Amino acid sequence: MINFERFELENGLKVIVHQDKSTPLACINILYNVGSRDENPNQTGFAHLFEHLMFGGSINIKNYDEPLQRVGGENNAFTTNDITNYYLSLPTENIETGFWLESDRMLSLAFSEKSLEVQRSVVIEEFKQRYLNQPYGDVWLLLRPLAYKVHPYQWDTIGKEISHIENATMDDVKAFFKKFYCPNNAIMVVAGNVEVDKVKQLAKKYFSPIPKGPENKRGLPVEPKQTEERKLTVERDVPLNAIYKAYHMCARTDEDYYTVDLISDILSRGNSSRLYNSLIKEKKLFSDINAFVLGEFDKGLFIVTGKLTAGVNMEEAEDAIEFELNKIKNELVTDNELTKVKNKIESSHSFGEMDVLNKATNLAVAELLEDANMINLEVEKYLAVTNKKIMEQSNEIFRKENCSTLYYLSKQK
C-alpha cells in the first residue's frame, strides 16, 4: 500500500506527497500532460524536442544541471506519445534546490536562438543515429502509420520526419511551451524522506506565483475500427529477417487492459513462456521473439515481434506465430499458467515499490489517468483476471482484419 496526500494550488498545479522514511533521498517528479499525440501533424517531434530544451536553462538559471549536481542531485526525463516526464532526486536536506529549479523552468524557459539550435542539432542527430542509421531503427516510423490512419499515434515521439524539427521556428517553440508547460497542465509528485507541511510550504513558495495557462481540451480524432489486414514489406541492411505484427487493443484506462497485459505475459514473459518454448526452443524458427502491449492511454497496440533464425522462411515463421495466437483464442489457459503470470506481476509490483523514484512516476501517471490511488488497486485488477477473460480478449484482438504486419527483410547480398 502506497500512502500519499494530495493538494492543489490555485493555479491548478496538482501536488501529491508520498512519505518514505527508508531513504535519505527526496524525489520530485513533474509530469506534463503533453506527448506526441498533442502535436500538429505538420510539426511533429515537438514534445521530444522540449524534453531537451527544458535542460537548456531557464529565465533565472542559466544551467539547470550545475546547481543540482552541486547539492548531490541527479535528473532525467522521458517523452512518450502521451506524456512528458521530468524527475530528479537529491538528498532531502537539499530539496529546496529541486523546487527552485523545477519552478523556474515551468515559469519560463530561456528561449535563445543558441539553445534552440543546439537542441535541434541534438534531436536531429538522435533521429539519424537511432532511427535511420541503426539496424531495425525505423520500425516504428513504418509500423505506426501502417496501424493508425487518423489518430496521432501514427507518428513516433521522435516525429514523422527530420524536416519538422529543422523548420521549427522560435515562435512555434514558444507557442508550444505556453500551451502545455503550465501549472494547470502538470502533476508534481514529491516522494521520499519528506514532510507534508514542508512540501506544501515549498510548493506554495515556488509554484504559486506561476500564472495558470490555457485549458487544453483534447479533441483527438478517433481511430476507426480496422476492417482489413494491412501488410508492408521493406528491405534493409540488417543481419536477420524480422516480423512485426500490430493488433489494435483497448485503452490503458479500460478494465480489459489488465487482461490483455497478462496475455502478453503468457505469450512471452520469460523462458517458460509459450512463444519462447514453442518457437525458439522447440521449433528453432526465431532467435528472438516478444509479445507486449504499448500501454498507451488511448486505444493502443498489442505487438508480436520476432527475428527469424537464418534460413527460416517468412511464411513458415508467421504461420507458427498465428498457430500460437489461435491456440490462446481456442483453448482456455490453465489455472497454473495464469497463476504463474499473476505471481510474476505481483512480485514485480512489490519490487517496483522499493524504488522511491519509480513510485513517484507511477503516482503521477495514475493521477493523470484516473486517480493516484489506482496505484494501490492495480494488483487486485490483475488478480481478478480469469481464463475466460483471457480467451474473450484473445478472440477480440487476434483477428486477421485487426492486424498490420511489417515484414522487415534482410537485403540479399
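Model, not experiment: these values are computed from the prediction. By convention here, the first residue in the shown sequence is residue 1.
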Q) Going by an N to O cut-off under 4.0 Å, is there a salt bridge joining Lys21 and Glu195? A) yes
Can a donor-acceptor pair be found between the side chains of Thr79 and Glu51 at a distance below 3.5 Å? yes
salt_bridge(Glu378, Arg252) N-O dist < 4.0 Å: yes
Taking Lys400 first and then Glu322, would you say they form a salt bridge - that is, a charged N and a carboxylate O separated by under 4.0 Å? yes
Worksheet item: Do Tyr64 and Gln69 have side-chain N/O donor and acceptor atoms under 3.5 Å apart?
Response: no
Taking the six-membered ring for Trp, are Phe398 and Tyr247 parallel (under 30°), tilted (30 to 60°) or perpendicular (over 60°)? perpendicular
Next on the checklist: Please check if the number of heavy atoms outside Glu235 that lie under 6.0 Å from its CD is greater than 12.
Outcome noted: yes
Could you tell me whether Lys340 and Glu337 have a side-chain N and a carboxylate O separated by less than 4.0 Å?
-> no
**Asked** Is the closest basic N to carboxylate O distance between Asp261 and Lys381 below 4.0 Å?
**Response** no
Q. Does one side chain, of Asp82 or Tyr153, offer a donor that lies under 3.5 Å from an acceptor on the other?
A. yes
Do the side chains of Glu126 and Arg130 get close enough for a salt bridge, i.e. N-O under 4.0 angstrom?
yes
Glu296 and Arg144 ion-paired at < 4.0 Å
yes
Open item on the list: Between Thr23 and Asn193, do the side chains contain a donor N or O and an acceptor N or O under 3.5 Å apart?
Closed with: no
Residues passing the side-chain hydrogen bond (donor to acceptor under 3.5 Å, both in side chains) test with Glu346, sequence neighbours excluded, are none
Checklist entry - Hey, is the main chain of Thr305 close enough, under 3.5 Å, to the side chain of Asn290 for a donor-acceptor pair? => result no
- Query: Can a donor-acceptor pair be found between the side chains of Thr405 and Lys245 at a distance below 3.5 Å?
  - Reply: yes
| Would Asp256 and Lys389 pass as an ion pair if we require N to O under 4.0 Å? | no
Counting only heavy atoms not in Lys388, do more than 12 fall under 6.0 Å of its NZ?
no
Problem - Pair Phe180 + Tyr32: ring centers closer than 6.0 Å - result: no
Problem set entry | Main-chain N/O of Asn358 paired with Asp355 side-chain donor or acceptor, under 3.5 Å | yes
Looking only at side chains, do His164 and Thr44 share a donor and an acceptor under 3.5 Å apart?
yes
Ring of Phe55, cation from Arg105 - is the NZ or CZ under 6.0 Å from the centre and inside 45° of the axis? yes
> Does the side chain of Asp156 come under 3.5 Å of the side chain of Tyr131 through a donor N or O and an acceptor N or O?
Replying inline: yes
Residues Lys344 and Asp265 bridged, charged N to O under 4.0 Å:
no
Exercise for the section: Establish, from distance only, whether the side-chain atoms of Thr361 and Asn29 form a donor-acceptor pair under 3.5 Å. Expected result: yes
May I ask you to decide if Gly192's main-chain N or O and His18's side chain share a donor-acceptor pair within less than 3.5 Å? no
